[in-house]
Trainee: 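Before I ask anything, here is the structure I am working with.
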Amino acid sequence: MRNALAFAFIVVFLDSVGFSLLAPVMPSLLTEMGDTDAAGAAGINKWLAVAYASMQFIFGPLLGLLSDRFGRKPIILISVAALGCNYAIMAMAPSLWMIFVGQTIAGIAGATYATAFAIAADVSTPEKKAANIGVISAGFGLGFILGPALGGFISEFVGPRGPMWFAACLCLLNFGFGLFFYRETAPLREAPRPLRVSKANPFANLAGLLRFDARSVLISGFFALASANAVLPLIFAFFAKAQFAWSDGMIGSSLAAFGLGFAITQGLILGLTLKTFDKLTILYLAIGLSALGFATIAAANETWVMFVALAILALGGMVTPTLNAVISDTATEAEQGAIQGQIASIMALASIISPFIHAPLFQFFLSDAAPFPWAGAPFAAAALLCLALVIPVRLGSRLSAAQPTPP
């Protein structure tokens, strides 16, 4: 079990480093390639996010089913390879359309996080599931410590494309690690049932959420959560430049500080709180902290306020693994990959829609048409979306209490 968790942790850590390497440099890169200002670059980034998320929405459920049918290993290796191709294409791209091609490729096979969570579910007892998923999530936080700082540092010396080559190399390292050191954890059958591709229809998955049972209601909560969290990769770097004129290095340092707090929350604080409080109590607390963190960023007008807000937001990071564990408890062992595929699908749908909330708000409140300048408006919207998560969590927990727990 420990070897499988260690592998899932390292996969998420290295992928987080690769992803967060790009966060400080995207405003500079898109401003240069698009020959535009911060607001225009944020608009380009919106369409990049939509391209990636659209592919995730379409292919996420299929990858979840395939991981149940053929195992986690081939799916996660394909995902890592696709991400590496994306970074290499972005590093060489002479124009914006090639960056869109790279994002599309990464979105098609980008099942790394969902598959890593499925690995954690494979080897966890119900009592340890939230804590183990929290450990995997801590890998994301640790990657966010190192990635932005490295990205800002590399960019200062070799330009905004340097971090992309570094990220591609990390994917190569990640691929080799998984190929040689990971042993399959999925409960594969000697005579597996035929793969029903109809179950991979993302729209059928969404229709399935209309069943109004505990699992579907709780999974729908990920829509609000993902819509709120999308503001960070979409807007944060652009907001920091517009509001505080931060350099790439400063953006990287702030995100690294957030990653440190996030890792401590996921790897230590969550495990300690689970010894004292039940999952639902922690979930409600984390929702409140997330909403408060986003609201504080929205109102920030000094640098120190930003770091306070990021610390609060990092504590709110308990919401994702706890909600994931609550949902996972409603499924059998053989369904864990499919469940993670459904979660990935609903999060991808949120990632398709949320750019049309956050980016237009940012652009509008920086334009002459705005009644007053307010670059933090998208973060206020994120705070409201966090609070909306209370509704499906409360309703889903009531439905779950009335249903038997699967074996």
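For the numbers below, each heavy atom of this structure counts, side chains included, while hydrogens, waters and symmetry mates do not.
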Trainee: Closest heavy-atom contact between Val319 and Ser290?
Mentor: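 Shortest heavy-atom contact: CG1-OG, 4.2 Å.
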Trainee: To the nearest 0.5 Å, what is the distance between CH2 on Trp246 and CZ on Phe236?
Mentor: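 With rounding to 0.5 Å, CH2 (Trp246) is 5.0 Å from CZ (Phe236).
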Trainee: Before giving the answer on side chain to side chain contact (heavy atoms under 4.5 Å, CB included), spell out for Ser397 and Tyr284 the whole-Å C-alpha distance, their side-chain angles and the decisive distance to 0.1 Å.
Mentor: CA-CA 12 Å; Ser397 62; Tyr284 286 125; 4.3 Å; yes
Trainee: Can you list everything that forms a side-chain contact (heavy atoms from CB on, under 4.5 Å) with Asn229? Sequence neighbours excluded, please.
Mentor: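 side-chain contact (heavy atoms from CB on, under 4.5 Å) check on Asn229 returns Leu225, Phe294, Thr320.
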Trainee: Roughly how far apart are Phe223 CZ and Leu349 CG, rounded to 0.5 Å?
Mentor: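 Interatomic distance, Phe223 CZ to Leu349 CG, rounded to 0.5 Å: 5.0 Å.
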Trainee: Surrounding CZ of Phe277 (heavy atoms of other residues, nucleotides or ligands, distance under 6.0 Å), is the total greater than 12?
Mentor: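 12 or below, so no.
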Trainee: Which pair of non-hydrogen atoms, one from Ala42 and one from Phe362, has the smallest distance, and what is that distance?
Mentor: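 Answer, listing the atom of Ala42 first, then Phe362: CB-CD2, 3.8 Å.
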Trainee: Does the side chain of Leu272 reach to within under 4.5 Å of the side chain of Ile269, using non-hydrogen atoms?
Mentor: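 No, every pair of side-chain atoms sits at 4.5 Å or beyond.
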Trainee: For Val231 and Ala382, work out which heavy atoms get closest and say how close.
Mentor: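 Result for this residue pair: CG1-CB, 3.9 Å.
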Trainee: Could you grab the distance from atom CE of Met250 to atom NZ of Lys241, nearest 0.5 Å is fine?
Mentor: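 Those atoms lie 12.0 Å apart.
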Trainee: Checking side chain to side chain contact (heavy atoms under 4.5 Å, CB included) for the pair Leu255/Ile251: CA distance, chi angles, key distance, verdict?
Mentor: CA-CA 6 Å; Leu255 290 174; Ile251 294 172; 4.0 Å; yes
Trainee: Please list, one pair per line, the donor and acceptor atoms closer than 3.5 Å that link side chains of residues 371-378 to other protein atoms, with sequence neighbours excluded.
Mentor:
{"unit_1": "Trp374", "atom_1": "NE1", "unit_2": "Ala298", "atom_2": "O", "d": "2.8"}

Trainee: Show me the donor-acceptor pairs, under 3.5 Å and distance only, between side chains in residues 388-396 and residues at least two apart or in other chains.
Mentor:
none

Trainee: Taking it one step at a time, do Phe239 and Ile297 satisfy side chain to side chain contact (heavy atoms under 4.5 Å, CB included)?
Mentor: CA-CA 10 Å; Phe239 166 76; Ile297 293 177; 3.8 Å; yes
Trainee: Grab the two heavy atoms, one from Pro355 and one from Ser351, that are nearest each other, plus how far apart they are.
Mentor: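 Closest pair (atom of Pro355, atom of Ser351, distance): CD-O, 2.8 Å.
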Trainee: If a pair satisfies side chain to side chain donor-acceptor pair (under 3.5 Å) and one of its residues is in residues 163-172, list it, with sequence neighbours excluded.
Mentor: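 Listed once each, the pairs would be none.
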Trainee: Without placing hydrogens or testing angles, list every side-chain donor-acceptor pair under 3.5 Å for residues 302-312, not counting sequence neighbours.
Mentor:
{"unit_1": "Glu302", "atom_1": "OE1", "unit_2": "Trp304", "atom_2": "NE1", "d": "2.8"}

Trainee: What residue among Thr265, Leu289, Leu232 forms side chain to side chain contact (heavy atoms under 4.5 Å, CB included) with Leu313?
Mentor: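 For Leu313, the side chain to side chain contact (heavy atoms under 4.5 Å, CB included) test succeeds with only one of Thr265, Leu289, Leu232, which is Leu232.
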Trainee: Would you find more than 12 non-hydrogen atoms of other residues, nucleotides or ligands less than 6.0 Å from Phe153 atom CZ?
Mentor: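 Check fails, neighbour count at 12 or below.
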Trainee: Atom CG in Leu150, atom CZ in Phe166: separation rounded to 0.5 Å?
Mentor: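 Rounded to the nearest 0.5 Å, the CG-CZ separation comes out at 5.0 Å.
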Trainee: Got a donor-acceptor contact below 3.5 angstrom from the Arg161 side chain to the Leu29 backbone?
Mentor: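 Here the side-chain-to-backbone pair does not exist.
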Trainee: With rounding to the nearest 0.5 Å, note down the distance linking CG in Leu274 to CD1 in Ile282.
Mentor: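 One gets 4.0 Å once the value is rounded to the nearest 0.5 Å.
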Trainee: If every non-hydrogen atom of Ala93 is compared with every non-hydrogen atom of Met98, which pair is closest and at what distance?
Mentor: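 Closest pair (atom of Ala93, atom of Met98, distance): CB-CB, 3.6 Å.
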Trainee: Can you measure from CG (Leu30) to CG (Leu96) and round to the nearest 0.5 angstrom?
Mentor: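 Here the interatomic distance stands at 6.5 Å.
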Trainee: Do side-chain atoms of His358 reach the backbone of Ser227 as a donor and acceptor pair under 3.5 angstrom?
Mentor: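 It does hold such a pair.
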Trainee: Using the test side-chain contact (heavy atoms from CB on, under 4.5 Å), find all partners of Asn86 that sit at least two apart in sequence or belong to another chain.
Mentor: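 In terms of side-chain contact (heavy atoms from CB on, under 4.5 Å), with neighbours along the sequence ignored, Asn86 is linked to Met90, Gln103, Ala106.
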Trainee: Could you tell me how the ring of Phe9 sits relative to the ring of Phe13: parallel (under 30°), tilted (30 to 60°) or perpendicular (over 60°)?
Mentor: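 Ring orientation of Phe9 relative to Phe13: parallel.
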Trainee: Does Leu323 offer a backbone N or O that forms a donor-acceptor pair with the side chain of Lys279 under 3.5 Å?
Mentor: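 It does not hold such a pair.
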Trainee: State, to 0.1 Å, how close Pro321 and Leu270 come at their nearest heavy-atom pair, and which atoms those are.
Mentor: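 Pro321 and Leu270 have their closest heavy atoms at CG-CD2, 3.7 Å.
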Trainee: I would like to know whether Met33 and Ile44 meet side chain to side chain contact (heavy atoms under 4.5 Å, CB included); could you show each step before the answer?
Mentor: CA-CA 10 Å; Met33 294 189 70; Ile44 297 172; over 6 Å; no
